[in-house]
*Asks:* 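Sharing a structure, written as structure tokens. Questions coming.
A quick note: this is a predicted structure, and the numbers were derived from the prediction, not measured. All values below were derived from every heavy atom in this structure, side-chain atoms included, with hydrogens, water molecules and symmetry-related copies excluded.
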Amino acid sequence: DDPGHSGANLTDSIMVLSLDQEKKNAAMVSVPRDLWVDYGEACLSGYSGKINVVYACGEENGGETVGSQRLMDKVGEVFGLDIQYYAHVNYSVVRDTVDAVGGVSVLIDSDDPRGIMDRNMDWTCQYRCYLVKWPNGTATLNGEQALALARARGEGAGYGLGGGNFDREKYQQRIMVALRDKALSAGTLANPIAVNGLMDALGNNLRTNFTAAEIKTLTELATEVKNESIRSISLVSEDHPIVTTGMYSGQS
């Protein structure tokens with residue numbers, strides 16, 4: 001969600017998180033933004049198209065709540081899930097929350113021996129910097145770098161992101177887990193400045209159907225789920241790929 005951008009209401013990052021309150025485990029799966037679906041209604045782009053348009057289609061006809069419900073229903077239909085809750089954030093939340101907790105550490109594991117590089121966001125520094133350029137191994141990122149990595153998909157000059165949007169989704173999940181770890185660390189929670197920074201970063205940039213009581217339960221559960229109990233599910237694993245790239249109706 002990018003206010004002021006021509007595609008401001010396109011949900012280019014869609015992630016499903018399943019939490020088991022009894023077993024204290026979690027599973028994460030990213031929904032490819034280019035997944036081709038039937039909309040079930042007339043949208044500005046037609047009756048079918050990429051899944052990242054579903055929210056915008058519902059929102060233009062009924063507002064935030066309708067758009068979010070349509071997207072939950074469509075993702076649930078595709079994956080065979082009953083999705084009950086949503087959290088809708090602007091992409092700037094990634095930058096601001098990472099900065100609020102003092103940065104995060106993310107594993108870079110490209111099949112390129114050089115690591116990864118993507119220059120798509122370097123226009124923000126007039127190409128005098130490299131926002132996404134790290135060797136393989138653990139990289140420590142500030143908010144601007146984390147946001148750039150979350151948006152990087154190997155277009156243009158660069159290397160190590162041959163999976164395109166699938167690589168982007170992988171690193172988005174890692175940023176989320178790293179942010180959760182840092183936010184739940186004793187040092188962060190005991191720091192009033194960091195806590196206030198987190199609240200400010202969310203502010204009006206978060207829309208959700210969680211109630212205050214449910215958010216409290218969710219926060220408590222987040223402290224109980226260990227890293228080894230969080231499973232990231234890939235739809236493009238080499239052993240059992242479920243989706244692949246291609247052209248449909250003239251679109252990728």
*Asks:* Of the non-hydrogen atoms in I83 and G76, which two are nearest, and what is the gap between them?
*Replies:* CD1-N, 3.8 Å
*Asks:* Are the side chains of I51 and V75 in touch, meaning some heavy atoms are under 4.5 Å apart?
*Replies:*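 Of all side-chain heavy-atom pairs linking V75 with I51, at least one is under 4.5 Å.
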*Asks:* Begin with the C-alpha distance, continue with both residues' side-chain angles, and end with the deciding distance and a verdict on side chain to side chain contact (heavy atoms under 4.5 Å, CB included) for V78 and V31.
*Replies:* CA-CA 10 Å; V78 171; V31 181; over 6 Å; no
*Asks:* Quick check for you: to the nearest 0.5 Å, what is the distance between T223 atom OG1 and L184 atom CG?
*Replies:* 6.5 Å
*Asks:* Which pair of heavy atoms, one from D99 and one from G143, lies closest together, and at what distance?
*Replies:* OD1-N, 2.7 Å
*Asks:* Assigning hydrophobic clusters by single linkage (Ile, Leu, Val, Met, Phe, Trp, Tyr; side-chain heavy-atom cutoff under 4.5 Å), is V66 placed with V53?
*Replies:* no
*Asks:* Which heavy atom of Q172 sits nearest to which heavy atom of S13, and what is that distance?
*Replies:*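 Of all heavy-atom pairs spanning Q172 and S13, the closest is NE2-OG, 2.9 Å.
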*Asks:* Is there a side-chain contact between T208 and Y85 (heavy atoms, below 4.5 Å)?
*Replies:*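 Answer no - side chains too far apart.
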*Asks:* Is the closest side-chain heavy-atom distance between Y86 and L71 below 4.5 Å?
*Replies:* no
*Asks:* Measuring from atom CG of L81 to atom CG of D73, what distance do you get when rounded to the nearest 0.5 angstrom?
*Replies:* 12.0 Å
*Asks:* Could you check if a side-chain atom of W123 sits within less than 4.5 angstrom of a side-chain atom of M121, using non-hydrogen atoms only?
*Replies:*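 Yes - at least one pair of side-chain heavy atoms lies under 4.5 Å apart.
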*Asks:* Would you say CG of D111 has more than 12 non-hydrogen atoms from neighbouring residues, nucleotides or ligands within 6.0 angstrom?
*Replies:* no
*Asks:* Just wondering, do S30 and Q173 contact through their side chains at under 4.5 Å, heavy atoms?
*Replies:* yes
*Asks:* With a 3.5 Å distance limit and no angle check, can you tell me whether D38 reaches the backbone of G40 through a side-chain donor-acceptor pair?
*Replies:* no
*Asks:* Would you check if the side chain of S48 reaches a backbone N or O of Y39 as a donor-acceptor pair within less than 3.5 Å?
*Replies:*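 No.
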*Asks:* I'd like to check the salt bridge (Lys or Arg N to Asp or Glu O under 4.0 Å) partners of D34; sequence neighbours left out, ordered by chain and number.
*Replies:* K50
*Asks:* If you measure from CG on L141 to CZ on R95, what distance do you get to the nearest 0.5 Å?
*Replies:* 14.5 Å
*Asks:* May I have the step-by-step check of side chain to side chain contact (heavy atoms under 4.5 Å, CB included) for V29 and L235, ending in yes or no?
*Replies:* CA-CA 8 Å; V29 60; L235 301 182; 3.9 Å; yes
*Asks:* Tell me if a side-chain donor or acceptor on T11 pairs with a main-chain N or O of I14 at a distance below 3.5 Å.
*Replies:*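 No: the side chain of T11 does not pair with the backbone of I14.
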*Asks:* Heavy atoms, side chains only, cut-off 4.5 Å: are D181 and V177 in contact?
*Replies:* yes
*Asks:* Which donor-acceptor pairs under 3.5 Å do the side chains of residues 129-137 make with protein atoms, sequence neighbours left out?
*Replies:*
{"residue": "N136", "atom": "OD1", "partner": "S110", "partner atom": "N", "Å": "2.8"}
{"residue": "N136", "atom": "ND2", "partner": "S110", "partner atom": "O", "Å": "3.4"}
{"residue": "N136", "atom": "ND2", "partner": "D112", "partner atom": "O", "Å": "3.0"}

*Asks:* Any chance CD of E41 has more than 12 other-residue heavy atoms, nucleotides or ligands included, within less than 6.0 Å?
*Replies:* yes
*Asks:* Tell me, do V236 and T244 make a side-chain contact under 4.5 Å, heavy atoms counted?
*Replies:* no
*Asks:* For R174, which of V104, I108, D109 qualifies under side chain to side chain contact (heavy atoms under 4.5 Å, CB included)?
*Replies:* D109
*Asks:* Pairs in or reaching into residues 228-252: which pass ring-ring contact (aromatic ring centres under 6.0 Å, His included), with residues at least two apart or in two chains?
*Replies:*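 Non-adjacent pairs meeting ring-ring contact (aromatic ring centres under 6.0 Å, His included): W36-Y248.
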*Asks:* How long is the span from the CD atom in Q145 to the CD1 atom in I175, to the nearest 0.5 Å?
*Replies:*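 Atom-to-atom, Q145:CD and I175:CD1 are 10.5 Å apart.
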*Asks:* Set out, in order, the CA-CA distance, both residues' side-chain angles and the distance that settles side chain to side chain contact (heavy atoms under 4.5 Å, CB included) for V98 and N142, then state yes or no.
*Replies:* CA-CA 6 Å; V98 168; N142 61 28; 5.6 Å; no
*Asks:* Would you give the length of the straight line joining atom NZ of K170 to atom CG of L149, rounded to the nearest 0.5 angstrom?
*Replies:* 9.5 Å
*Asks:* Considering non-hydrogen atoms only, spot the tightest contact between A178 and S105 and give its length.
*Replies:*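 Minimum heavy-atom contact is CB-O, 3.4 Å.
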*Asks:* Could you give the side-chain donor-acceptor pairs of residues 162-169 under 3.5 Å, partners two or more places apart or in another chain?
*Replies:*
{"residue": "N165", "atom": "OD1", "partner": "R168", "partner atom": "NE", "Å": "2.9"}
{"residue": "N165", "atom": "OD1", "partner": "R168", "partner atom": "NH2", "Å": "2.6"}
{"residue": "N165", "atom": "ND2", "partner": "E169", "partner atom": "OE2", "Å": "2.9"}
{"residue": "D167", "atom": "OD2", "partner": "G162", "partner atom": "N", "Å": "3.4"}
{"residue": "D167", "atom": "OD2", "partner": "G163", "partner atom": "N", "Å": "2.8"}
{"residue": "R168", "atom": "NH1", "partner": "R151", "partner atom": "O", "Å": "3.3"}

*Asks:* State, yes or no, whether a side-chain contact exists between V16 and I233 at a heavy-atom distance under 4.5 Å.
*Replies:*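 SC-SC contact between V16 and I233 ruled out.
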*Asks:* Kindly give the heavy-atom pair with the smallest separation between K182 and S185, and that separation in Å.
*Replies:* O-OG, 2.8 Å
*Asks:* Working note: Y171 + L161, criterion side chain to side chain contact (heavy atoms under 4.5 Å, CB included); need CA distance, chi angles, decisive distance, verdict.
*Replies:* CA-CA 10 Å; Y171 287 115; L161 293 164; 3.9 Å; yes
*Asks:* Per the salt bridge (charged side-chain N to carboxylate O under 4.0 Å, His left out) rule, what does the pair list look like for residues 214-234, sequence neighbours excluded?
*Replies:*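 For residues 214-234: K24-E224.
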*Asks:* Could you pull out all residues at least two apart from R153 that satisfy salt bridge (Lys or Arg N to Asp or Glu O under 4.0 Å)?
*Replies:*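 By the salt bridge (Lys or Arg N to Asp or Glu O under 4.0 Å) rule, R153 matches E155.
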*Asks:* Side chain of S68, backbone of T65: donor and acceptor closer than 3.5 Å?
*Replies:* no
*Asks:* Once the angle between the rings of H88 and Y55 is folded into 0 to 90°, is it parallel (under 30°), tilted (30 to 60°) or perpendicular (over 60°)?
*Replies:*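 Ring orientation, 0 to 90° scale: perpendicular.
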*Asks:* Does M176 have more than 12 heavy atoms from other residues, nucleotides or ligands lying within 6.0 Å of its CE?
*Replies:* no
*Asks:* In Å and rounded to the nearest 0.5 Å, what is the CZ to CD1 distance from F79 to I242?
*Replies:* 8.0 Å
*Asks:* Between the main-chain N or O of G154 and the side-chain N or O of D118, is there a donor-acceptor pair closer than 3.5 Å?
*Replies:*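 Yes: the side chain of D118 pairs with the backbone of G154.
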*Asks:* Please say yes or no: joined through hydrophobic side-chain contacts below 4.5 Å, possibly via intermediate residues, are L218 and L17 part of one cluster?
*Replies:*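 L218 clusters together with L17.
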